[in-house]
Q: 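Quick one: structure below, then a few questions.
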Amino acid sequence: MENIEKGKRSATLIREKTKEKLAAMHVDFDNHNRAIREYQPKFASYCGVTARSRISILKESWDKVPKLELHDLWLDIKV
């Protein structure tokens, strides 16, 4: 059996062009408000990168993040 080397994980980069493309996509949600179907992976990736870029990793929990920061993050993701 051949040893096939897996690709290594790398940083995810969300550039403005990708953000514009994502905004044009229709993301569907299930009854529990989870993204589903075709664009779910791109949407999840965008949410993660956006949250990491806006919220400090030094926060112990989401409860410690100021409401204004959470609101701004939510507005960005909703776009």
Side-chain angles (χ1 to χ4, degrees):
M1 188 186 313
E2 281 183 42
N3 283 339
I4 300 173
E5 191 173 318
K6 287 186 176 182
K8 297 200 165 98
R9 294 179 67 158
S10 62
T12 302
L13 301 175
I14 300 292
R15 302 190 195 294
E16 287 303 312
K17 289 181 182 177
T18 305
K19 188 175 178 179
E20 290 168 4
K21 286 181 188 176
L22 186 63
M25 297 177 194
H26 178 78
V27 180
D28 294 315
F29 295 89
D30 66 8
N31 294 340
H32 301 286
N33 294 320
R34 294 178 295 206
I36 56 173
R37 298 205 178 98
E38 180 182 1
Y39 298 116
Q40 184 276 334
K42 289 180 188 277
F43 179 73
S45 212
Y46 176 75
C47 289
V49 170
T50 303
R52 284 190 298 276
S53 69
R54 290 178 164 265
I55 308 296
S56 170
I57 62 169
L58 300 176
K59 301 290 183 189
E60 294 175 16
S61 72
W62 284 103
D63 295 334
K64 306 286 184 186
V65 179
K67 298 288 184 200
L68 183 59
E69 286 183 45
L70 290 174
H71 182 70
D72 290 344
L73 174 63
W74 177 237
L75 291 177
D76 189 352
I77 290 173
K78 278 184 18 177
V79 170

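Numbering of residues begins at 1 and proceeds along the displayed sequence. Quick note: numbers below take in every heavy atom, side chains included, and nothing from hydrogens, waters or symmetry partners.
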Q: Quick one: closest heavy-atom pair of Ala35 and Phe43, and the distance?
A: CB-CD2, 3.6 Å
Q: Evaluate whether atom CZ of Arg37 has more than 12 neighbouring non-hydrogen atoms of other residues, nucleotides or ligands under 6.0 angstrom away.
A: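 Open.
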Q: Set out, in order, the CA-CA distance, both residues' side-chain angles and the distance that settles side chain to side chain contact (heavy atoms under 4.5 Å, CB included) for Trp74 and Asp72, then state yes or no.
A: CA-CA 5 Å; Trp74 177 237; Asp72 290 344; over 6 Å; no
Q: Out of curiosity, Lys64 NZ to Leu58 CG, how far, rounded to the nearest 0.5 Å?
A: 13.5 Å
Q: I need the minimum non-hydrogen distance between Lys59 and Pro66, along with the two atoms involved.
A: NZ-CD, 4.1 Å
Q: Find the distance between CG (Asp28) and OH (Tyr39) and round it off to the nearest 0.5 Å.
A: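 One finds 10.0 Å between CG of Asp28 and OH of Tyr39.
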Q: Which heavy-atom pair separates Cys47 from Ile77 by the least distance, and what is that distance?
A: SG-CG2, 3.7 Å
Q: What are the two closest heavy atoms between Glu69 and Arg54, and how far apart are they?
A: OE1-O, 3.7 Å
Q: Could you see if Tyr46 belongs to whatever hydrophobic cluster contains Ile36? Use Ile, Leu, Val, Met, Phe, Trp, Tyr and a side-chain cutoff under 4.5 Å.
A: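 Not linked; separate clusters.
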